[in-house]
There are 2 protein chains.
Amino acid sequence: MDNDKYKLLIVDDEEDILEFLGYSLKREGFQVFTASNGKDGISKAKKEIPHLIIMDVMMPEMDGISAVEEIRNNKSLDETLIVFLTARSEDYSQIAGFEAGADDYIAKPIKPKVLISRVKALLRRSLKKDSGKIVVIGNLVIDQEKFEVLLDGKKIILPKKEFKLLKLLAASPNKVFTREEIFVKVWGDDVIVGDRTIDVHVRKIREKIGDNLIKTVKGIGYKLEN
Amino acid sequence: MDNDKYKLLIVDDEEDILEFLGYSLKREGFQVFTASNGKDGISKAKKEIPHLIIMDVMMPEMDGISAVEEIRNNKSLDETLIVFLTARSEDYSQIAGFEAGADDYIAKPIKPKVLISRVKALLRRSLKKDSGKIVVIGNLVIDQEKFEVLLDGKKIILPKKEFKLLKLLAASPNKVFTREEIFVKVWGDDVIVGDRTIDVHVRKIREKIGDNLIKTVKGIGYKLEN
DNA sequence: TTTTAGATTAAGAAATTGTTAAATCACACC
DNA sequence: GGTGTGATTTAACAATTTCTTAATCTAAAA
């Protein structure tokens with residue numbers, strides 16, 4: 001199995017468990033990320049957009065259920081699967097967890113084989129068809145299928161040319177695209193438009209996603225900074 | 001929730017459990033069927049094509065795992081979810097169960113609240129991905145078999161082309177279908193129709209299901225938003 | 001300071017879609 | 001085979017959105 005295409009995020013405050021689970025899952029080929037509290041978990045989730053999150057219910061600072069609620073509010077994490085780790089027979093947290101938007105739970109103590117079976121079963125069922133048409137740059141998600149851009153999980157609609165231009169820049173973050181290049185790739189070889197046209201489009205995109213992401217490189221062109 | 005849409009089959013050799021679970025789930029509105037052994041379970045499953053099967057692992061005559069293997073070999077039960085009931089800490093059967101094609105397991109003793117949460121979570125999760133015979137988008141249900149659309153439970157009749165178009169959009173909610181794509185998939189490769197034909201059809205559908213569901217993505221196409 | 005590339009703004013052009021009504025088509029029914 | 005009903009398509013025009021330009025302003029480089 002191509003487990004290496006899946007990103008897993010493990011969130012637990014106990015270093016031992018983090019390491020133990022991380023080790024077991026890495027051995028199966030998964031890309032594993034970890035976080036040791038709810039807050040960090042949320043920010044890592046937003047950054048990596050994992051396919052599946054394994055989250056401890058009981059944690060200091062921010063408990064798992066609150067974290068999941070926040071994650072579920074983020075549009076770009078809509079498809080992410082969430083598995084709770086709960087202490088055995090904490091039935092209440094199971095129910096609350098499902099209500100918060102979890103997809104499964106696993107009771108502690110955790111046996112790696114069980115965890116792996118479960119993770120695989122979830123991924124198998126849920127991600128049969130994965131999009132692969134999504135580009136993520138920092139807190140910006142560009143979904144080519146839905147033709148929408150998410151900034152910090154907030155949906156933004158861009159007109160065709162603006163979307164195309166942003167998509168181009170996002171395809172190679174930090175690379176400077178010359179005006180020449182942009183013309184060819186966005187407008188096409190044959191179309192002739194004035195010089196200021198690009199500027200205006202860049203401006204409109206900046207209006208929508210903020211001024212910090214697209215940098216001007218004077219005399220050369222533009223780049224999307226990461 | 002419209003639990004009455006869902007058929008559940010419970011397979012267990014203990015009469016008590018059968019009754020207890022059946023009662024709990026019926027109270028939630030599900031259509032409940034029961035069987036007291038693996039063989040009977042298989043034949044009832046084939047007959048009713050339930051959405052979800054709850055199956056005891058340990059049973060006389062035919063154990064749950066063999067039964068699940070046989071069920072999974074049946075094409076029409078491909079989409080059916082399967083939940084195992086296992087005695088606590090029987091880790092081995094968990095793994096074997098997943099390998100046989102189960103989607104989840106629940107440890108005995110069973111608490112109804114937990115069971116119900118779990119069942120609902122499974123149905124919710126898998127229905128999202130289900131591109132099978134029935135598609136649900138918000139308050140819209142599209143039944144491809146009966147060739148009808150329900151809006152807030154009220155039946156709406158759509159002519160062939162309109163239905164085909166709506167079905168296409170509903171097959172991948174939120175995905176933007178280009179006009180190109182729509183032409184090919186609804187009208188066919190060879191048919192040539194005018195540009196406004198799609199618009200008119202979209203308009204007619206909107207007249208019937210409301211203006212909010214089908215969004216126009218200018219310059220690209222249409223999508224059914226969720 | 002001067003020069004130059006880019007930023008900004010508003011307005012009109014261009015492109016795309018919405019809407020309506022009427023024409024055409026398909027098919028069941030007599 | 002005709003007739004009628006509803007489905008489908010076309011055509012004309014309206015409405016809307018997007019794109020481009022042009023004019024003016026700003027800031028960085030020379």
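Quick note on labels: first sequence line is chain A, next is B, and so on, each numbered from 1. Owing to the predicted nature of the structure, the values given are computational and were not obtained by experimental measurement.
Looking at residues 165-184 of chain A, you'll see R179(A) sit with a heavy atom under 4.0 Å from some atom of DNA chain C. Annotation: proximity of residues 198-212 of chain B to DNA chain D (heavy atom, distance under 4.0 Å) is found for V200(B), H201(B), K204(B), numbered in ascending order.
Applying the salt bridge (Lys or Arg N to Asp or Glu O under 4.0 Å) test to K223(B) and every residue at least two apart in sequence or in another chain returns E148(A), E225(B). Under the rule for a salt bridge (Lys or Arg N to Asp or Glu O under 4.0 Å), R206(B) has no partner lying at least two apart in sequence or in another chain.
Contact annotation: the side chain of T216(B) never approaches that of V202(B) to less than 4.5 Å [non-hydrogen atoms, C-beta and beyond]. Put simply, the side chain of F33(A) does not reach to within 4.5 Å of the side chain of L8(A), judged on heavy atoms.
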Yes or no on side chain to side chain contact (heavy atoms under 4.5 Å, CB included) for I198(A) and Y222(A), after CA distance, side-chain angles and deciding distance?
CA-CA 10 Å; I198(A) 286 184; Y222(A) 297 91; 3.6 Å; yes
Passes side chain to side chain contact (heavy atoms under 4.5 Å, CB included), I205(A) versus L213(A)? Steps please.
CA-CA 10 Å; I205(A) 298 173; L213(A) 285 168; over 6 Å; no
Candidate pair W187(A) and K164(A), rule side chain to side chain contact (heavy atoms under 4.5 Å, CB included), full reasoning
CA-CA 9 Å; W187(A) 274 264; K164(A) 228 169 155 185; over 6 Å; no
Hey, mind stepping through K204(A) and D199(A) against salt bridge (Lys or Arg N to Asp or Glu O under 4.0 Å) and telling me if it holds?
CA-CA 9 Å; K204(A) 297 213 151 170; D199(A) 310 17; over 6 Å; no
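The distance from atom CG of L52(A) to atom CD1 of I82(A), rounded to the nearest 0.5 Å, is 8.5 Å. Residue L169(B) holds its CG atom at 11.0 Å from NZ of K185(B), rounded to the nearest 0.5 Å.
Residues D40(B) and K44(B) are paired through a salt bridge, judged by an N-O separation under 4.0 Å between the basic side chain and the carboxylate.
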Can you give me the N/O atom pairs linking the protein to nucleotides 14-18 of chain D at distances under 3.5 Å, or say none if there are none?
residue, atom, partner, partner atom, Å
dT16(D), O2, K218(B), NZ, 2.8
dT17(D), O4', K218(B), NZ, 3.0

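Residue T216(A) places no side-chain N or O under 4.0 Å from the OP1 or OP2 atom of dA5(C). The side chain of Y222(B) contributes no N or O atom lying less than 4.0 Å from OP1 or OP2 of dT16(C).
Terminal axes of the helix from dT1(C)-dA30(D) to dC30(C)-dG1(D) (five pairs each, C1' rotation axis) are separated by 30°, to the nearest 10°.
The interatomic distance linking I192(A) (CD1) with dT21(D) (P) rounds to 10 Å, in whole Å. The interatomic distance linking I220(B) (CD1) with dT16(C) (C1') rounds to 11 Å, in whole Å. Atom NZ in K164(A) sits roughly 13 Å away from atom C1' in dC19(D) (whole-Å rounding). Between the CG atom of D195(B) and the C1' atom of dG18(C) there is a distance of 13 Å, given to the nearest Å.
Judged by the 6.0 Å and 45° rule, K175(B) forms a cation-pi pair with F177(B).
Of the candidates H201(B), K167(B), K208(B), K208(B) is the only one forming a side-chain hydrogen bond (donor to acceptor under 3.5 Å, both in side chains) with E162(B).
You'll find that the side chain of W187(B) is closest to dT9(D), out of dG18(C), dG6(C), dT9(D).
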